[in-house]
Structures are given as C-alpha cells and as structure tokens.
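See below for the structure under consideration.
Predicted, not measured: the structure shown is a model, and the values here were computed from it. As the structure lists them, so they are numbered: ligands from 1, and atoms in each ligand from 1.
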Amino acid sequence: MVKYWEIETEIEKGYLYIMCGIVGYVGEKNVAEVLTKGLSSLEYRGYDSSGVALLADGKTKVYKAEGKLQNLKDLLATKESEIKTANVGIGHIRWATHGVPSIKNAHPHTCNCGKLAVVHNGIIENFKELRAKLEAKGCVFQSETDTETVAHLVAQKYNEVKDLKEAVRLATKELEGAYALCIIHQDVPNTIIATRRNAPLLIGVGEGENFAASDVPAIIEYTKKAIYLDDNQVAILKADSIQIFDADNNEVKQKVELLPWEPIALSKMGYKHFMLKEIHEQPDVIRNFLSGKLHSATEPIKLDEVKLDKLKLKNLNRIQVVACGTSLHAALVGKYIIEELCEIPVDVEASSEYIYRKTVTDEHTLVIGVSQSGETADTLTAVKQSKARGSHILIITNRPDSAMAREADSLVPVNAGIEVSVAATKSYVAQLMAFYALALHLAEIKESADKDEIQTIKNELLLLPQKIELLLSKTDKIQKCARMYSSSKNFIFIARGINYATALEGALKLKEISYINATGYPAGELKHGPIAMLDETLPVLSIMMSGKVYEKILSNAQESKARNARMIALTDSTDEKLDELFDYVLNVPHVHELISPIMAIVPLQLLAYHIAEFLGKDVDQPRNLAKSVTVE
Ligand code: M6R
C-alpha cells in the first residue's frame, strides 16, 4: 500500500493515477469508433490524455494523444486505412494528479517487442521493485508509469507459458495494489484478457461481440447485459465467447446481470450541459426516491433496506458517517436531522481523516458510508475498517453495483440515475432524501419524535417536488445575479443550523466549476476572523430559511452590511424589508425548516452553474477533477 505519508511524494513523482477509464471491444463493429465512443462516456473519470491499441492486419497498433479525447479522435480519423481491418482493441483515458501528462505516459503501454499492449486503471504499488527486476532482465522502459511494468511482466510470462490468460494470471499474482487491466497480444488474435483487483471493471455481454469497461456508460448503447468481475478473476473475451477463471485457474460460473441504465440517460436532452439537465431532474429524483417508501403522511415510512432488527435499532448508541466532498455535506444534514428526531448521537467525518486515526466503533455503532459513485477509495477503506470492527454497515449510494455496495449489511440505493457531470447535484438531493427516510424510520421505531412533527415532515417531503419545479420554472433572477457577481474573485456563503451544510455545498459547487475561491462559514463564526476580509468587493451570500435561526442569521448579515460587503440573500421569507438590507434577494418557495436544505441548495447549484457558464468554463468536466476517486 502507498501509505498516506508517502502519497505526496508519489504524487510529486507523477505516479498516482486517481481515475482513468478503460474500454475493450472484440467484434465486427468499427473498433476505433466503439472504443472512442466508450471513452467519451467515461470522460467524467479523467481526461488529460488518451490512447487505443488495436490488432489490425495481424499487428498491434497503438495510437495516443495528449489533452482532450477529441485529439485522439482526430488522430484516428487520419489512420482509417491502417486500422479498418481491426476486430479487437482496447482504449484508455488517463487523468494524472501531478506532472505533465504526455504521450509517453499515456496508455496503452507495450512490451519491448510491441506485440502486447495493456491499459490499466489503478496503481501498482510495488512497481519500483518490479521495474528494477525487469530492467535487470533486459526490459527497456519507455515511460515513468507503474503500468508499463505490467506490460513487460505479462510479456515475459507469456514467453514462458505461451498462454496469454495464464500469463496474466501468473503476472497479477506478483502485483500489489489496485488494478483493472485489459490486455491484447498480436499472437493471440480476436482476444482480450481482462482482470481486476480493487478497481472497477465490468464485462458487457453482446451478440457476436463482447466488451470490457470501467463503467456502464461505455457499453450501455450496445448491451444491457453485464458480468461484474470479482477481485482476481481473469476473463478471456472473444467475439462469441466469454470464459472467467478464478485466481487458482478454476473456470467459474458466469453471473450475467441486467443493467438498470437506459442509453437516453446519457443524453443531454436538449440542455446545454449535463449539470443543468441533472439540476432539472431533481424533482423527479425526489419522487422516484419516495415511490414505494412514502405514499401519505399518515403512513409509516417504508425502509426495508435497513436490515437491523427493531431491537438493535432501538439499542443503537451511536452513528458514524463517513463520506467525502458533496456526500460529506449530505451527511452533515443527516446528522442534524437524525439527532433532532432520533436522539442518537451522530459523528460525521471526512473518510480521508477517519482512516488514519484510531477510531472507536463497535457492534453497537451503526456506520454509514455515503458515496455517489460507491467507489471512492477513502470511504471504501473507512467502511471496510469499521466492518472489521463488527459495526453494521449501511451504504447510501447511487451505484448499487459498486464496490462499496458490496460491503453493505444494509444498502440504500438513492436511484438518482446516472450522474455525468463531475459536479454532484441530483445525487446530493437523493442522498439527502435517504437521510430523511432513515431519520423518519428510526424515529418511528424509537418513538423518539413528536408524531405531528413527523407527519408534517412527511407531508413537506411529498410536496417538495412541485415546489422545486416552481423554482426551476423561474430562474431569470438567479441568472442575472450570476452575471452580476461572475467577476468576483472570492465568495462567502453563511448559514446556521441545518443549512450550514448548504453553505459548504454551495461554496463547493462554485469552487469546483467556476474556480472562484468560495468558502462556507457558520454565520456565527464570521466575527471570529473571516469578517476581517469583508469589503465592498466581497459578496456574502446569506442562506436565511425561515425557522429558529432566521433572526440570528439576519443579525450576522447586518454585520456584513456594516462592513460594506456585497449582500445576497437566499430565503423563503417574503419580508419586504430584506430588499433594503440586500443587493439581491433570491426567493425560494417556503418549506419547513428541517426540509429546507433540499430547497436551498437548488438555487446555489444554479448560481454556480450560470457563473461558470458565463465565464466560459468547462462546466461538466472542470479542470483537475474526476467524477470518482478510486485510490486513496
Ligand atoms: O462518489 P462520491 O460521492 O464518494 O464522491 C465524493 C466526492 O469526490 C464528490 O462528492 C466530489 O466532491 C464532487 N465533485 C462534488 O461535486
């Protein structure tokens, strides 16, 4: 394992590949087209260079390009005559955390004779030792990557055993770390060898053609049938057959699953960006989440996904939630609502902090992992650590087919549909819904909250989709506000109580897609330091939803006004006096205070979107970010 204290040095050396996407295809279609289309749909995973290797005219041919995938597509368009006979190929998009992405470091990587090519997602942690051994045996390395060791190692084994699957199986026994690999060899026509350990890879099952990919979007246009490889399994893909072997070389029975995605989910449906489409999908995401769980405010919420029996639920003494980024913000709202309704203490911690200290969890602790992708390495590690200590693991995820979901004792899928934009929007709202459902479920079992209050919350949840639709139907003022403040270099979001998380999430959305420095503060903290920064250039956006802290935050906003800050309010109040205090008032429909984070985040997502769009930023694929982060 790369230890946390070594990560920085590894990053400096350019060795850490946080994401990357892989596609493999064997069949009669235009191979280059299938691979680049597949890579396009995986661009959200990372996109600083790309490449493909194809077997055409009996030769392994490799093409790579730096920068956007379009550069690779342009290159391949000039090579049509060289590659038209190809019927097998592998492709890769790479996203390195540090160091200049280059053609040399882009995948596929080959062995010295050039016959074998490999694409890889993950990190080979013992690559230095392997590289030294391979160099001692005469291998000449062309790149600085860990992946190239795999190419040389497998080629060497192949020369010994003359069986590509066996060569891969033996070579991977020597690898430490995480990998999803697809390998082709010019002496083994019409074949891809695919294998994985701690990195996602699925096999798409077609008719007279087969696929391998890091994620569903790369294959969904062609097939809805897939096999999820287990760790250390090795698959042989040919156009008309798939065979899978375990680490001990026993052939295993294939479990073909039906993918829940529709190709339409991957289209922008007329919106300029996926992010805007995904923001507009939120009312349906809420309806979808509630269907089958809550029909009327007078019925108990149905959350059969929670597998702890009533007695254990009643005896829970603590809940710990681990998550990263936007999912962490959803967890903060979850903490508030669970503590408010269920009288159970809840700790929320960034997974990356949680995993490197002594944490106290036991069989009486419920540990909740929250993750859109279900693949975030830090959260996955945190969950595994807690599971080993005997805690019940509840996973809230948008990907019930993910590695994290497989660790769950209780799995709560949020069913937001595929989220393409790197900036999480609808998955956040869906995660919030999962926390509301869980809090209501626990409160009903423990009888820890006032029945009328529970009924009011349920009623409000049922009404929420229409109210958000109303908000989404009139966004001119948000767009105007976005234009007005798009030249700001810094932004402050303040809130209190349950909406503190909304301030953090609003600031994160703005940072990640517009690159404006934005910070969320609990409004009461302003005068303990941040207020020193306020002047007439700094916008302060106050999130003022009606409820017990409304007046408090109004006073905090007045403190900002007194320092000449540029004043923006986000509120469900209709108090006309607000127009005197604020330069801009963004109104949202009124909701119950405990539900307000779901309503309040929508205009902040839109504000971030329109600022980034106005500034001409790459909204769906912001620089330096990847949709899911699969190594620590
Ligand atoms: O897939 P996860 O929810 O585990 O991902 C966690 C974060 O990487 C993610 O929320 C990230 O912060 C997003 N870019 C936020 O928009």
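In summary, Glu353 and Arg357 do not engage in a salt bridge, as defined by a charged side-chain N under 4.0 Å from a carboxylate O. Contact check on Lys467 versus Asp572 returns no salt bridge, with no Lys/Arg side-chain nitrogen under 4.0 Å from an Asp/Glu carboxylate oxygen.
Inclusion of Gly374 in the set of residues having an N or O under 3.5 Å from an N or O of ligand 1 is not warranted. For Ser327, a nitrogen or oxygen atom sits less than 3.5 Å from a nitrogen or oxygen atom of ligand 1, counting backbone and side chain alike. Checked by distance only, ligand 1 and Lys509 come closer than 3.5 Å through their nitrogen or oxygen atoms.
Under a 4.0 Å heavy-atom criterion, Met404 is not in contact with ligand 1. Not a single heavy atom of Leu625 sits closer than 4.0 Å to an atom of ligand 1.
The ligand atoms of ligand 1 that sit less than 4.0 angstrom from a heavy atom of Thr326 are 10 (O), 12 (O), 15 (C), 16 (O). If you number the atoms of ligand 1 from 1 as listed, the ones under 4.0 Å from a heavy atom of Ser371 come out as 1 (O), 2 (P), 3 (O), 4 (O). For ligand 1, the atoms sitting less than 4.0 Å from at least one non-hydrogen atom of Cys324 are 6 (C), 7 (C), 10 (O), numbered in the order shown with element in parentheses. Residue Ala424 approaches ligand 1 through these ligand atoms, each under 4.0 Å from one of its heavy atoms: 15 (C), 16 (O). Of all atoms in ligand 1, listed by their number and element, those nearer than 4.0 Å to a heavy atom of Ala423 are 16 (O). Close contacts between ligand 1 and Val422 involve ligand atoms 13 (C), 14 (N), 16 (O) [criterion: under 4.0 Å to a heavy atom]. Close approach to Glu512 involves these atoms of ligand 1, each under 4.0 Å from a residue heavy atom: 13 (C), 14 (N), 15 (C), 16 (O).
More than 12 heavy atoms of other residues, nucleotides or ligands shown are found within 6.0 angstrom of NZ on Lys477.
Side-chain atoms of Cys182 and His92, non-hydrogen and from C-beta on, never get closer than 4.5 Å to each other. Residues Glu278 and Val420 have side chains in contact (heavy-atom distance under 4.5 Å, counting atoms from C-beta outward).
Judged by distance alone, the side chains of Ser49 and Asn105 never bring a donor and an acceptor atom under 3.5 Å apart. For the 3.5 Å distance criterion, the side chains of Ser421 and His273 fail to qualify, holding no donor opposite an acceptor. The closest side-chain donor-acceptor pair between Gln372 and Ser327, if any, does not fall under 3.5 angstrom.
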